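Structure record follows, encoded as structure tokens.
All of these numbers come straight from a predicted model, not from anything done at the bench. Just so it is clear: chains get the letters A, B, ... in the order the sequence lines come, proteins before strands, and each one is counted from 1.
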Amino acid sequence: TDTIKVGILHSLSGTMAISETSLKDVALMTIEEINADGGVLGKKLEPVVVDPASNWPLFAEKARQLLAQDKVSVVFGAWTSVSRKSALPVFKELNGLLFYPVQYEGEELEKNVFYTGAAPNQQAIPAVEYLMSEDGGGAKRFVLLGTDYVYPRTTNKILRAFLHSKGVKDSDIEEIYTPFGHSDYQTIVANIKKFSTGGRTAVISTINGDSNVPFYKELGNAGLKATDVPVVAFSVGEEELRGVDAKPLVGHLAAWNYFQSIKNPVNTAFIDKWKAYAKAKNLPNASTVVTNDPMEATYIGIHMWKQAVEQAKTTDVDKVIEAMGGQTFTAPDGFTIQMDATNHHLHKPVYIGEINADGQFDVVWKTKGPIRAQPWSPYIAGNENKQGL
Amino acid sequence: MTSSTLVTTRDHLFRRQHLFSPRAWTGLLIAIVLLALLPLLNLVLPVDHPLHISSYAIALLGKFMCYAMAALALDLVWGYAGILSLGHGIFFALGGYAHGMYLMRSIGRDGVYQSHLPDFMVFLDWREYPWYWTFTDHFAYAMLLVVLVPGVLAFIFGYFAFRSRIKGVYFSIITQAMTFAAMLLFFRNDTGFGGNNGFTDFKRILGFDITAPDTRAVLYWTTLIFLGLALVFARAITQSKLGRVLTALRDSESRLRFIGYDPLGFKLFVWTVSAIMCGIAGALYVPQVGIINPSEMSTETSIEMVIWVATGGRGTLIGPVLGAGVVNGLKTWFTSALPEFWLYALGLIFVLTTLFLPHGIVGLLRRFTARNARRTF
Amino acid sequence: MGYAALLKSWRRIVLAILLATLAPIALAAEPASIDAVLLAPLADDDTDAKLRVISQLGRLANPRAAQVLEALSNARLYATPEGRILIAHDGKPAIDPATGEQLDVPADAGNIMINNRLRRAIAGALAISQLFSDDAQVRLSAAKRMQQSTDTSSIGLIAQARSRETNAEVQSALDVAQASLELKSPDPATRLRAVERLGHTQRGEFRPTLASLLAQNNEGIYAEPDEEVRTAAVAALRSIDRHLSKIEWAGNLFYGISLGSVLLLAALGLAITFGLMGVINMAHGELLMIGAYVTFLMQLFFRQFAPAWVDWYVIAALPMAFLVTAGVGMALERTVIRWLYGRPLETLLATWGISLILMQGVRSTFGAQNVEVSNPSWMSGGVTLLDGLVLSYNRLAIIVFALLVVFFIWLLLNHTRLGLFVRAITQNRRMADCVGVPTGRIDMLAFGLGSGIAGLGGVALSQLGNVGPDLGRAYIVDSFMVVVLGGVGQLAGTVIAAMGLGSLNKILEPWAGAVLAKITILVLIVLFVQKRPQGLFAPRGRSVE
Amino acid sequence: MQQLQAAVLLTDSGSDASYGHVTTRDVDTRHGVILYLEDITVSFDGFKALNKLSLDIGVGELRCIIGPNGAGKTTMMDVITGKTAPTSGTAFFGQNVDLTKLSETEIAHAGIGRKFQRPTVFENHSVFENLELAMKTDKRVKPTLFAKLTGEQADAISATLELIRLTHEAWGPAGLLSHGQKQWLEIGMLLMQEPKLLLLDEPVAGMTDAETERTGELLNELKGRHSLMVVEHDMDFVASIAGSGKVTVLHEGSVLAEGSMAQVQADQRVIEVYLGR
Amino acid sequence: MLDVQAINQYYGGSHTLRGVSLSLQKGDCLALLGRNGVGKTTLLKCLMGVLPVSSGSVVFNGEDISRLAPHQRAARGIAYVPQGRDIFSRLTVEENILMGMATKPAAAARRIKGEIFELFPVLKSMLARRGGDLSGGQQQQLAIARALVAEPKLVILDEPTEGIQPSIIKDIANVIKLLRERGDIGILLCEQYFDFARQLADQFVVLSRGEVVAAGDKTEIDGDDVRSHLSV
Ligand SMILES: Nc1ncnc2c1ncn2[C@@H]1O[C@H](COP(=O)(O)OP(=O)(O)OP(=O)(O)O)[C@@H](O)[C@H]1O
Ligand SMILES: Nc1ncnc2c1ncn2[C@@H]1O[C@H](COP(=O)(O)OP(=O)(O)OP(=O)(O)O)[C@@H](O)[C@H]1O
Ligand SMILES: NC(N)=O
Ligand SMILES: [Mg+2]
Ligand SMILES: [Mg+2]
């Protein structure tokens with residue numbers, strides 16, 4: 001054949017469509033960009049888009065379809081950890097290749113997966129360190145608020161261990177979980193308020209998807225300001241903020257490896273390309289499109305895969321995996337970042353940003369450069385010996 | 001008594017007392033044999049052979065057959081006894097979870113954390129299996145649970161609901177409430193069933209590699225056999241006098257009381273049978289799909305089951321089977337062929353079906369084969 | 001010239017003298033304009049240096065300093081690469097606070113960013129000068145802000161302000177502010193008085209400081225050495241805790257009613273389309289969603305064409321949402337649902353299909369992402385009751401709105417023949433036709449009404465949560481529960497069911513958590529229906545069969 | 001008339017429970033009374049549909065009940081068949097079966113059958129199946145599941161079909177019958193149940209005069225071997241079946257008059273409230 | 001005022017009405033007789049528009065109404081008392097009667113005129129009760145009342161005496177007589193109770209298996225002849 005098939009496995013309907021549709025679009029844009037550049041190994045890339053509809057078992061089924069039926073060379077996709085976990089066995093069984101672009105909880109390392117989002121030490125831990133710092137407000141008490149699934153649970157488990165190591169007592173940590181799609185945060189916000197009467201408090205939010213808007217609205221209306229009780233979120237980016245009136249949120253924080261507001265030529269080009277693409281494809285609300293971290297991670301992932309294929313001179317999965325280690329790419333985040341030679345994760349810089357009135361982030365803290373991922377968090381017992389694959 | 005009367009009576013009675021007409025038997029057998037041959041096309045033929053069927057297609061068909069069984073179960077209560085359950089997903093899921101527990105334990109120490117516990121228990125810092133996981137490492141016990149858990153739940157729930165004479169939408173809504181509550185419960189990680197993730201990443205079933213093509217084929221055939229049995233069993237029920245009591249129940253429950261039938265027992269019987277059938281379908285589904293999670297208990301899933309039945313033809317048995325196949329087939333096809341527009345297509349099909357096919361697909365088929373069809377299924 | 005400016009106001013003189021005693025640095029500064037050197041650290045990255053500048057600016061009794069601080073907190077302060085600091089104004093030229101010169105912000109100037117720590121410091125710094133404002137309201141909020149201050153050096157300023165204060169409310173706020181700083185006083189009697197005063201406020205925000213007095217270090221020595229003060233602190237804490245739990249109860253009640261009205265608004269339309277007309281309308285949620293999107297469009301429209309009135313877009317959205325959703329509803333009724341009367345279960349299938357189409361339709365038009373709908377300013381924030389219970393305006397508005405809608409429906413159903421006709425039609429369509437009810441038209445109107453009310457519900461929901469293609473799905477189950485629990489076709493039942501579910505949920509939630517509370521509620525619904533198999537307001541007797 | 005006889009003979013064989021065991025206590029009718037109603041009151045939100053009603057019916061008696069619309073006749077049947085629980089009072093079937101403690105199903109098992117005022121048949125079932133469902137047999141779940149129609153039973157159904165003249169409609173859905181045909185089907189179903197006590201609420205409403213006559217004959221045949229309670233407004237019909245038996249007049253929930261047809265018709269109060277001048 | 005020409009009606013395959021014709025003058029009462037299941041109700045339903053006719057015409061006051069919906073026929077002054085009463089069972093008695101006035105303007109249909117309670121006094125005491133809770137006879141009275149409050153030009157009564165106590169049957173007969181005497185209304189009465197019909201009707205039409213087998217006015221037709229058509 002004269003094309004190379006590439007699978008795109010993102011929910012275009014259901015609750016996760018909010019976050020995942022733009023990843024599909026970015027992937028298509030990147031593929032178009034690569035094709036315009038002559039493709040890969042002289043062949044054009046042919047995207048195969050499927051809709052797993054925010055239904056975890058469907059992720060497995062669609063993954064199987066992409067690999068067994070459409071015979072794609074690689075799949076870019078999944079957002080929630082649970083969807084990744086459900087598709088994983090299929091990738092292992094059929095020896096497929098998945099690029100996963102979202103920050104996640106770690107505790108996983110699969111030969112068939114490349115993780116282009118952050119591991120906990122590339123996002124969660126630095127964010128908490130910041131909150132505890134003088135600049136971050138010197139938080140002494142922590143509300144760990146999340147959606148009840150594997151990513152928040154595991155992340156909070158790591159954070160709790162981390163906080164313990166910093167001398168924070170269990171009585172100063174409150175862990176609250178709500179189901180996906182939870183929309184009434186009155187009681188929880190009242191609880192946070194009450195909890196904060198016990199001392200300088202910060203909220204660490206791993207709320208995912210739809211629940212963020214009602215949470216922030218409630219927070220704003222209840223008068224809990226960022227100067228009193230700052231919230232740092234790990235799943236709220238520019239895309240999510242498009243759906244919120246950002247004014248009451250000013251000062252609340254998010255930690256990512258990329259913000260649209262980062263100023264560098266690569267990023268400017270990336271943003272422009274995306275805006276032009278949205279306009280050209282007539283995407284809904286094309287005039288207000290934004291970029292965010294998982295979009296950047298998708299973009300990096302596709303390019304790195306292309307590089308690896310060209311280096312391996314084949315799309316054969318094992319050879320590509322082999323070639324992926326050590327790939328570098330000049331990313332919009334301002335650094336030339338590298339795929340770790342052993343652990344399938346990117347070395348990434350960490351940024352902490354405050355929400356501003358435009359729904360963008362002002363960077364208030366950042367690492368000096370990319371840091372290496374620790375998929376096996378040192379704060380979880382028994383992980384000491386696990387490192388590479 | 002005229003002789004013509006006797007002839008028609010006997011004629012009708014004769015037809016009524018046979019499980020299937022000879023024609024229907026033939027059709028059923030041919031369908032089963034054809035379906036049974038498909039995995040061979042996957043196993044025997046080389047990948048590039050034009051008749052080769054991908055493992056994906058086989059897995060898909062296997063899944064559809066499980067759905068078909070669930071639809072059949074739902075139709076038994078809805079189509080025949082008029083009990084509309086908007087929460088049948090719970091029985092499907094419980095059957096699935098019961099089998100899933102066994103499959104999880106068969107992973108042994110091959111999980112990420114190499115613990116004797118499933119990974120999700122490890123990240124919750126659990127040291128031991130909770131009591132309700134006891135013995136689930138025995139296949140036979142797990143199979144017992146597959147039948148018992150949905151059965152007992154249905155029995156208890158049904159007993160109280162039917163005893164209080166809860167009917168119509170009130171019943172539908174409380175089934176929905178029950179399933180929704182169960183879904184929330186199972187979504188909680190603390191409940192001990194893997195939360196949102198549910199169970200996945202199975203490795204073995206009865207010692208065989210669960211991903212091996214021949215294991216898959218065997219699972220497929222098992223499902224086919226169970227579906228066939230379920231169809232015959234459901235047919236036997238609906239053809240019996242009990243079947244007629246059920247339809248009478250659907251049409252006028254109070255009248256039935258006055259001629260001496262106690263609706264409670266009949267409803268409970270068919271409701272529990274349906275739940276068990278649904279549970280078995282769920283149990284067959286899990287190893288083939290490779291994951292069971294609480295989304296099977298979501299409102300949408302249960303409503304979709306109702307839609308399979310309605311699309312296929314409520315109150316017929318082959319209808320729900322066809323409905324489950326056709327709706328899911330279209331959904332699968334649309335989600336890949338028209339990933340951004342499939343909801344339009346599917347939605348439109350539902351609307352058009354109701355408007356133009358009031359008796360579903362079976363009604364349509366009957367219109368084509370009008371003459372003999374009335375009593376075949 | 002600077003002194004001349006000061007002379008204009010005796011207040012400023014007093015202040016200047018005061019500042020002179022408290023902040024020697026301030027004296028050195030030129031009061032009218034600000035030394036560029038002083039401002040320079042703002043352009044750098046060193047937060048501590050910035051903090052020093054802020055506190056110095058706060059002590060400068062200088063309008064321009066206040067301007068700088070305000071600009072800083074509103075992200076209107078720019079730094080040129082040479083380190084010149086400029087205050088930008090929307091639409092107007094920027095001002096150099098050091099020189100007063102007006103100029104355009106150079107393209108290479110960067111916005112000076114601040115973080116929460118700086119924000120807090122700015123608020124504190126601004127508060128000092130605001131303590132002497134002419135506006136009692138400004139003084140009050142400044143005094144309240146001072147209550148959070150930990151900077152003991154401001155005690156004198158507070159005392160000063162207190163001595164001149166005439167407004168009783170501000171006086172007591174200042175007393176509290178003073179007390180909170182006096183906790184650190186070396187004099188046990190002062191501390192005692194401070195503890196007592198803080199205890200009197202019953203406000204939760206003083207809990208941490210009071211509690212810290214009772215903390216023991218490793219050797220078992222209390223942070224507060226004086227026994228008497230500690231006893232007072234214990235009493236104060238107890239009083240605060242009592243008050244907090246009172247607030248908690250009142251809060252739960254309010255949250256319950258508020259959740260109840262949300263459920264009610266979500267369910268009311270369904271009470272008509274399903275409750276009265278018997279259509280199992282699975283697209284009800286999508287009608288809510290359309291109402292919410294109409295709100296979004298109204299907001300866009302106002303922002304575009306009537307920015308001055310933008311705060312009233314919600315009001316304008318109400319009739320629009322009603323009309324649009326009613327129109328959609330009527331169109332659905334005429335094309336699809338009218339063929340399905342008498343086959344209620346088929347309506348489930350068809351409306352499910354419709355809901356998929358509507359959802360995808362919105363997704364294709366507006367995108368899969370949520371759209372932004374902001375609360376108008378009069379609906380943002382809230383009123384504080386009992387010194388700590390915030391009733392947010394949007395929720396209050398929704399409670400009132402829900403009651404209005406109920407009243408409106410009640411009027412329509414009981415004071416026009418529409419209600420009678422609709423009920424007659426659902427009970428016996430054929431006979432209603434025979435007595436002369438134009439069933440087709442009534443069906444269309446009734447479905448339109450139900451849909452329109454769903455649209456109104458959508459407007460309300462848009463003020464609380466997401467506006468996205470999935471909005472409807474989140475409410476469909478709850479809506480059906482409410483309608484069924486209340487007794488199908490019973491408006492009063494619907495209202496009570498919604499309020500009951502809302503309140504119960506919120507009473508359970510604090511001790512069971514959101515999920516267990518919801519599970520408990522669902523189980524209770526199942527049990528409740530055992531007792532009342534036809535809902536709350538079940539008609540009994542022969543007529544039911 | 002010979003079909004009519006056949007059906008009557010059939011209902012006669014009811015006592016020996018030939019179709020599997022039916023588990024109800026035998027009704028003790030040693031005192032010659034099959035139904036006792038004593039001081040029955042039924043009140044609906046304060047309105048007394050029955051007001052201290054007392055009435056008893058002897059074994060083999062055919063009792064006609066008449067009375068104005070709303071007198072409580074149907075309500076009385078509701079109480080007897082367990083559809084409505086009395087607010088106070090006692091209802092006994094024979095000496096030993098307390099009807100107020102039994103469910104509708106149990107009462108039907110005990111041997112009380114009812115034809116409703118408004119015909120209620122299973123509309124989607126064929127006429128044949130309606131009769132089959134009503135037929136006396138073990139009606140619990142398991143026996144029903146494994147039930148096979150015996151030749152004897154089929155014949156019984158056929159006989160009843162002939163009797164109610166619905167042989168030609170036997171395999172069509174009962175819902176399509178005309179109003180009068182449904183009335184007949186109801187009667188047929190009642191006969192198939194072989195009850196000890198038959199309650200007939202307006203059996204001839206909507207029947208032609210000829211049909212009414214036939215019904216009268218049928219009831220006269222049943223009289224003596226079965227106990228019957230018949231509610232009717234058709235005075236000619238009542239006269240034709242009451243014969244010398246008792247007629248009870250209900251009014252406002254209690255017995256207004258009782259006696260032979262002639263006595264009752266002559267009663268001024270009955271004329272006043274019911275017959276009209 | 002009513003002219004029915006050669007109506008045919010089918011239920012699925014079965015031919016229920018076969019070329020039925022009849023006509024009714026203003027001020028007349030026409031009795032429709034026939035055994036159970038011959039198609040009387042079917043015919044009345046066709047006239048009311050509840051069932052479609054497959055051929056033939058129904059002309060009312062010079063207008064062909066055979067394609068009109070029931071409510072349009074009601075608006076033209078036809079009222080219907082169906083067999084089986086068809087009370088709105090969950091509406092109160094009062095609301096049921098008000099429904100009878102559905103064709104009138106809303107303002108005129110707020111209150112029920114007292115007259116109707118003179119005929120059916122029991123309804124007055126039960127205004128707040130749900131229609132479905134009434135006894136069978138009370139419901140029948142309610143159904144008639146509901147038709148009469150519409151002040152129709154043509155009233156179609158399908159076995160109106162069914163389940164009604166003798167004294168009230170007499171009253172109903174009187175009302176029908178009264179209406180007939182007023183002369184501005186047509187009455188189409190379907191009745192099994194032959195004596196009742198004979199007492200009131202000016203004309204008879206006897207139906208058998210969907211066909212008119214005898215017709216004529218009361219002077220022409222012989223009671224025994226009719227009876228013979230009615231017996232088996
Ligand atoms: N559920 C109820 N609620 C209120 N009133 C009721 C209810 N059921 C019956 N009634 C009233 O009780 C009275 C008795 O009704 P019942 O049906 O027993 O009369 P009946 O003697 O059978 O009359 P008919 O000859 O008209 O059938 C009537 O006035 C009726 O309106
Ligand atoms: N919906 C239907 N479909 C098919 N056949 C029907 C339907 N309704 C009635 N029939 C048949 O049509 C015939 C005429 O019925 P119809 O109700 O008009 O009789 P009728 O003369 O009013 O009888 P009755 O005196 O018993 O009321 C009957 O044989 C009946 O079985
Ligand atoms: N990995 C996440 N965000 O689920
Ligand atoms: Mg009665
Ligand atoms: Mg009739």
Item to check | Toward chain A, the part of B:Ser295 with a non-hydrogen atom under 4.5 Å | outcome: side chain
Item to check | Charged N-O contact under 4.0 Å between B:Arg216 and B:Asp214 | outcome: no
Checklist entry - Which answer fits A:Leu12, side chain, backbone, both or neither, if we ask what part of it has an atom under 4.5 Å from a heavy atom of chain B? => result side chain
Item to check | A:Tyr151-A:Tyr104 aromatic ring centre distance below 6.0 Å | outcome: no
Item to check | Residue part contacting chain B, namely of A:Glu93, when any heavy atom lies under 4.5 Å | outcome: side chain
Item to check | chain A interface, residue from B:Leu124, B:Val122, B:Leu343, B:Asp190 that has the most non-hydrogen pairs under 4.5 Å | outcome: B:Asp190
Checklist entry - With a 6.0 Å cut-off on ring centres, are B:Tyr97 and B:Trp133 close enough? => result no
Checklist entry - Using non-hydrogen atoms only, which part of B:Tyr285 is less than 4.5 Å away from chain A: side chain, backbone, both, or neither? => result side chain
Checklist entry - Salt bridge between A:Asp318 and A:Lys111, side-chain N to carboxylate O under 4.0 Å? => result yes
Item to check | Residue, of B:Thr211, B:Leu184, B:Leu60, B:Asp125, that accumulates the most heavy atom pairs under 4.5 Å with chain A | outcome: B:Thr211
Checklist outcome for this item: Bottom line for B:Glu300: the part with an atom under 4.5 Å from chain A's heavy atoms is neither
Checklist entry - How are the rings of A:Tyr115 and A:Tyr100 set relative to one another: parallel (under 30°), tilted (30 to 60°) or perpendicular (over 60°)? => result perpendicular
Checklist entry - Of the backbone (N, CA, C, O) and the side chain (C-beta and beyond), which part of A:Leu58 lies under 4.5 Å from a heavy atom of chain B, both, or neither? => result side chain
Next on the checklist: Please classify the contact between B:Asp119 and chain A as side chain, backbone, both or neither, with a heavy-atom cut-off of under 4.5 Å.
Outcome noted: neither
Item to check | Under 4.5 Å from a heavy atom of chain B, the part of A:Ser86 involved | outcome: both
Item to check | Presence of salt bridge, B:Arg188 and A:Asp148, under 4.0 angstrom | outcome: no
Checklist entry - Which atoms of A:Asn55 come close to chain B, meaning under 4.5 Å heavy atom to heavy atom: side chain ones, backbone ones, both, or neither? => result side chain
Next on the checklist: For a side-chain contact (heavy atoms from CB on, under 4.5 Å) check, start with the C-alpha distance between B:Ser55 and A:Arg64, then their side-chain angles and the critical distance, and finish with the verdict.
Outcome noted: CA-CA 9 Å; B:Ser55 68; A:Arg64 185 176 294 279; 4.2 Å; yes
Item to check | Part of A:Ala53 lying under 4.5 Å from any heavy atom of chain B | outcome: side chain
Checklist entry - Where on B:Thr301 is there a heavy atom nearer than 4.5 Å to chain A: the side chain, the backbone, both, or neither? => result neither
Checklist entry - Is it true that B:Asp110 and B:Arg204 make a salt bridge, defined as a side-chain N closer than 4.0 Å to a carboxylate O? => result yes
Checklist entry - Out of B:Asp209, B:Val47, B:Ile292, B:Asp201, which one racks up the most heavy-atom pairs below 4.5 Å with chain A? => result B:Asp201
Checklist outcome for this item: In terms of heavy-atom pairs under 4.5 Å with chain B, the winner among A:Lys85, A:Glu105, A:Arg153 is A:Arg153
Next on the checklist: In terms of relative ring orientation, are A:Phe114 and A:His344 parallel, tilted or perpendicular, with 30° and 60° separating the classes?
Outcome noted: parallel
Checklist entry - Hey, what's the ring geometry for B:His88 with B:Phe91, parallel, tilted or perpendicular (30° and 60° as the breaks)? => result perpendicular
Item to check | Proximal component of B:Leu338, with respect to chain A [non-hydrogen, under 4.5 Å] | outcome: neither
Checklist entry - Does the gap between the ring centers of B:Tyr132 and B:Phe193 come in under 6.0 Å? => result yes
Next on the checklist: Taking side chain as everything from C-beta outward and backbone as N, CA, C, O, which of these in B:Asn293 sits under 4.5 Å from a heavy atom of chain A? Side chain, backbone, both or neither.
Outcome noted: side chain
Checklist outcome for this item: The interface call for A:Tyr149 against chain B, heavy-atom contacts under 4.5 Å, is both
